[in-house]
Amino acid sequence: MKLMKTTIMALTLAVLPGLASAAGDLTRKATALPELVLGTEESGYGMSQTEYQLETGKAYSLEIQASGLKEYALKAPDFFASIYLRKVEVGAAEIKAVSLTELEFEDAGEVEIYFVPIKPGRFEFYAEGLEHKGMKGEFVVR
């Protein structure tokens, strides 16, 4: 019995390191998601995407464009808390930050975020105060 326990423990220890480590840097080679455009209608409301399907451990980039027809404060608090944020690009600048609270657009503009989802679930995103106008969507992370 003791020999069997020792053998099982040795096999477990031999296999675990391979399961726990990934090949390469998970934050590189980001998959580009369809861009998210805020204010797709003449009225300044509407979003080009209302759902994104993502996988944990996979790197993504998301370009977000504001039409400038309204002011938009894009929020996704639970989602932002459940990703590894690699960087945010705005114009010629790269912003390295630990997390995001919101992305605010006072005029037309564009930002690109690079991230890796680390927690599965369904996470809402929305333009604050404009949800009732249909400016909301969901990140679905598996």
For this session: Would you kindly confirm whether Tyr84 and Val111 end up in one hydrophobic cluster when ILVMFWY residues are joined by side chain heavy atoms under 4.5 Å apart?
Result: no
Exercise. Under a 4.5 Å cut-off applied to non-hydrogen side-chain atoms, are Leu33 and Leu54 in contact?
Worked result: yes
Problem set entry | Heavy-atom side-chain proximity of Phe125 to Leu74 below 4.5 angstrom | yes
For this session: Would you check if Phe115 and Ser82 make a side-chain contact, meaning some heavy-atom pair closer than 4.5 Å?
Result: no
For this session: Measure the shortest side-chain to side-chain distance between Asp78 and Glu124 over non-hydrogen atoms and say whether it is less than 4.5 angstrom.
Result: no
Problem set entry | pair Glu55-Tyr60: side-chain heavy atoms closer than 4.5 Å | yes
For this session: Rounded to the nearest 0.5 Å, what's the gap from OH on Tyr45 to NE2 on His132? Could you check?
Result: 6.5 Å
For this session: Enter the distance from Ser43:OG to Lys133:NZ here, rounded to the nearest 0.5 Å.
Result: 7.5 Å
Exercise. For Lys96 and Arg86, which heavy atoms make the closest approach, and how far apart are they?
Worked result: CD-O, 3.8 Å
Seminar exercise, completed: The reported gap from CD in Gln65 to OG1 in Thr40 (rounded to nearest 0.5 angstrom) is 12.0 Å
Problem set entry | Distance (rounded to the nearest 0.5 Å) between Phe79 CZ and Glu138 CD | 11.5 Å
Seminar exercise, completed: Nearest heavy-atom contact between Tyr72 and Met135 is CE2-CE, 3.5 Å
Exercise. Do Phe105 and Ser67 touch side chain to side chain, with heavy atoms closer than 4.5 Å?
Worked result: no
For this session: Working to the nearest 0.5 Å, report the span between CD of Glu71 and CD of Glu104.
Result: 6.5 Å
For this session: Could you state whether Ile113 and Val141 fall into the same hydrophobic cluster, counting links through intermediate Ile, Leu, Val, Met, Phe, Trp or Tyr residues with side-chain heavy atoms under 4.5 angstrom apart?
Result: yes
Exercise. Does atom CD of Glu42 have more than 12 heavy-atom neighbours, drawn from other residues, nucleotides or ligands, at distances under 6.0 Å?
Worked result: no
Problem set entry | Verify same cluster id: Leu103, Ile95 (apolar side-chain graph, 4.5 Å) | yes
Exercise. What is the minimum heavy-atom distance between Glu128 and Lys75, and which atoms define it?
Worked result: OE2-NZ, 3.2 Å
Exercise. Do Leu36 and Ser48 come close enough that some side-chain heavy atom pair is under 4.5 Å?
Worked result: yes
Exercise. Is it the case that one hydrophobic cluster holds both Val37 and Leu130, taking links as side-chain heavy atoms less than 4.5 Å apart, direct or via other members?
Worked result: no
Problem set entry | Pair Lys136 + Glu131, salt bridge at N-O below 4.0 Å | no
Problem set entry | Reported CD1-to-CD distance for the pair Ile64 and Gln49, which is rounded to 0.5 angstrom | 11.5 Å
Exercise. Applying the 4.5 Å side-chain criterion to the ILVMFWY set and letting contacts propagate, would Tyr126 and Leu38 be lumped into a single cluster?
Worked result: no
Exercise. Closest heavy-atom contact between Ala32 and Ser61?
Worked result: CA-OG, 3.4 Å
For this session: Determine the minimum heavy-atom distance between Lys58 and Pro117, stating which atoms define it.
Result: O-CD, 3.2 Å
Exercise. Any idea which heavy atoms bring Glu41 and Leu69 closest together, and the distance?
Worked result: O-CD1, 3.4 Å
